[in-house]
Amino acid sequence: MIDLGLNKNATRMLTGLIMGTIVMLCIMNGGLALLALLIVMLAAGSKEYVKILNHKGFYPSLKVIYFTEAILATVVYFNRVDLVAITLTICAMCSFMWVLFRGRQPYIANVATTLLGMVYCGWFPLHLMFLRNLSNTKYDSGLGFIVLMFTSILLTDIGGYYIGSKFGKNKLAPVISPNKTIEGSVGGMSFAIIGSLLIWAYMNYLLHIEVQWYLMICAAVICTLFAQIGDLCESLIKRDAGVKDSGTSLPGHGGFLDRTDSFILTIPVMYYFCKCFIFHTEWIQTLSTFVKGLF
């Protein structure tokens with residue numbers, strides 16, 4: 001970990017400011033800048049993920065995960081969604097072959113954790129590019145909704161910390177994350193909803209971009225729910241492996257997974273929500289097709 005000669009809070013704020021600025025600049029530019037950002041995040045997150053699992057005695061293949069992420073990143077950049085299924089199929093087979101020829105115990109766990117790494121560290125975060133590239137006659141891109149997502153998650157953290165520290169009594173997940181409370185969770189959601197309404201007012205009355213207020217609230221609720229679930233999921237992985245932080249790459253924040261865990265599940269859910277309910281009108285047909293697929 002880099003020693004900046006600052007106290008913990010100052011180090012955390014400085015790291016967050018630098019990282020947030022870089023992330024937003026890449027997202028605003030899109031294209032290759034966003035792809036480069038995602039590649040760095042995926043590479044760092046995957047390495048931390050494998051290191052965490054090593055503490056548990058599992059040995060997922062970082063090489064197979066990197067290989068899968070490289071192909072998926074290329075597929076996503078060129079918007080070839082039709083190639084995602086075959087990519088995941090081939091790479092899943094590679095996971096089995098890696099374990100077969102490597103011959104290292106535990107076999108099943110190594111295959112399973114490699115497959116999880118592909119999806120959790122690779123496929124989920126890459127939806128950010130899909131979300132950024134959404135467009136229709138009403139909205140030029142998904143940039144505004146990415147800002148809404150980042151704002152909702154940030155306010156969830158702020159509201160959860162403030163309300164939880166002041167009024168928190170009932171534990172949300174005592175085994176996985178003892179410091180989180182139900183009151184903090186509700187407080188974080190409340191902050192996110194208020195933030196979404198402020199963004200809605202800004203878009204409607206200042207930018208003259210029409211969007212239904214209830215869709216903004218739904219988006220905020222989705223973001224705050226899956227941000228908290230994502231945070232708990234990473235805590236579950238770390239606690240099961242017996243580690244406190246995923247790494248030390250980011251001064252004051254731990255590792256990349258520690259800083260991005262709230263986004264990993266939120267990004268794909270937000271993308272599909274925007275795709276079905278905001279950028280397209282055939283969401284009823286999409287829902288109908290999904291329901292029919294269950295039977």
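Just so it is clear, the values below take in all heavy atoms, side chains as well, and ignore hydrogens, waters and symmetry mates.
Side-chain contact between M216 and L197 is absent, with no heavy-atom pair separated by less than 4.5 Å. In this structure, the side chains of E210 and K138 come closer than 4.5 Å at one or more pairs of heavy atoms. At least one side-chain heavy atom of V81 sits less than 4.5 Å from a side-chain heavy atom of F130. At least one side-chain heavy atom of I153 sits less than 4.5 Å from a side-chain heavy atom of T266. Annotation: side chain of L32 is in contact with side chain of L35 (closest heavy-atom distance under 4.5 Å). N204 places none of its side-chain heavy atoms less than 4.5 Å from the side chain of W213. Looking at heavy atoms from C-beta onward, F150 lies in side-chain contact with I27 at the 4.5 angstrom threshold. A heavy-atom distance below 4.5 Å is not found between the side chains of L42 and C121.
Taking both residues in full, the closest heavy atoms of L265 and V269 are given as O-CG2, 3.3 Å, listed atom of the first, atom of the second, then distance. For the pair P60 and V50, the tightest heavy-atom approach, listed with the atom from each and the gap, is O-CG1, 3.9 Å. Nearest heavy-atom pair across S177 and L232 is CB-CD2, 3.8 Å. What you find for N29 and L25 is that their closest heavy atoms are ND2-O, 2.7 Å. Residues S246 and K238 share a closest heavy-atom pair of N-CD, 3.9 Å. The shortest non-hydrogen separation linking C274 to L134 is CB-CD1, 3.9 Å.
Residues I267 and Y139 fall within the same hydrophobic cluster, defined by Ile, Leu, Val, Met, Phe, Trp and Tyr side chains chained together at heavy-atom separations under 4.5 Å. The hydrophobic clustering, which links ILVMFWY residues whose side-chain heavy atoms are closer than 4.5 Å, places L236 and V175 apart. Under the 4.5 Å side-chain contact rule for hydrophobic residues, M93 and Y107 do not share a cluster. When the side chains of ILVMFWY residues are joined at heavy-atom separations under 4.5 Å, either directly or via intervening members, I146 and I264 end up in a single hydrophobic cluster. Hydrophobic cluster membership is shared by Y272 and L88, with clusters built from Ile, Leu, Val, Met, Phe, Trp and Tyr side chains linked at under 4.5 angstrom.
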Could you give me the CA-CA distance, side-chain angles and deciding distance for K180 and D231, then say whether side chain to side chain contact (heavy atoms under 4.5 Å, CB included) is met?
CA-CA 10 Å; K180 289 183 172 57; D231 189 9; 2.9 Å; yes
Apply the test side chain to side chain contact (heavy atoms under 4.5 Å, CB included) to residues T181 and L172: give CA-CA distance (whole Å), side-chain angles for both, the deciding distance (0.1 Å), then the verdict.
CA-CA 5 Å; T181 63; L172 179 65; 5.6 Å; no
Check the pair S46 / E69 against side chain to side chain donor-acceptor pair (under 3.5 Å), numbers first and verdict last.
CA-CA 9 Å; S46 299; E69 290 173 346; 2.5 Å; yes
Determine, stepwise, if the pair Q212 / W200 fulfils side chain to side chain contact (heavy atoms under 4.5 Å, CB included).
CA-CA 8 Å; Q212 290 85 353; W200 168 80; 6.0 Å; no
Please walk me through it: do V186 and I163 pass side chain to side chain contact (heavy atoms under 4.5 Å, CB included)?
CA-CA 8 Å; V186 174; I163 301 298; over 6 Å; no
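From I193, atom CD1 reaches atom CG of L198 across 12.0 Å, with rounding to the nearest 0.5 Å. Residue L38 holds its CG atom at 12.0 Å from CG of L72, rounded to the nearest 0.5 Å. In this structure, the separation between CD1 on I237 and CD on E48 is 12.0 Å, given to the nearest 0.5 Å. For the atom pair I222 CD1 and S196 OG, the distance stands at 11.5 Å (nearest 0.5 Å). With rounding to the nearest 0.5 angstrom, the CD1 atom of I194 is 12.5 Å from the CD1 atom of I199. Taking NZ from K56 and OG1 from T113, the interatomic distance works out to 12.0 Å, rounded to the nearest 0.5 Å.
Around atom CD1 of I108, no more than 12 heavy atoms belonging to other residues, nucleotides or ligands sit under 6.0 Å away. Within 6.0 Å of atom CG in D140, 12 or fewer heavy atoms from other residues, nucleotides or ligands are found, so the atom counts as exposed in its surroundings. More than 12 heavy atoms of other shown residues, nucleotides or ligands fall within 6.0 angstrom of atom CE in M24. For F58, the CZ atom is densely surrounded, since the number of other residues' heavy atoms within 6.0 Å is greater than 12.
Of the possible donor and acceptor atoms, none in the side chain of R132 sits under 3.5 Å from a partner among the backbone N and O of G31. No donor-acceptor pair under 3.5 Å is formed between the side chain of S95 and the backbone N or O of L115. Under a 3.5 Å cut-off, the side chain of R80 and the backbone N or O of V75 do not form any donor-acceptor pair. Put simply, the side chain of T68 never gets that close to the backbone of C91: no donor and acceptor are under 3.5 Å apart.
Ring planes of Y49 and Y120: tilted class, angle from 30 to 60°.
Aromatic ring centres of Y59 and W98 lie farther apart than the 6.0 Å criterion allows. Between F145 and F279, the distance from one ring center to the other falls under 6.0 angstrom. Aromatic rings of F263 and F124 (six-membered ring for Trp) have centroids beyond the 6.0 Å cut-off, not under it.
Ion pairing between D157 and R259 holds under the 4.0 Å rule for side-chain N and carboxylate O.
A donor-acceptor pair shorter than 3.5 Å can be found between the side chains of T156 and T224. N170 and E183 form a side-chain donor-acceptor contact under 3.5 Å, judged by distance and modelled atom types alone.
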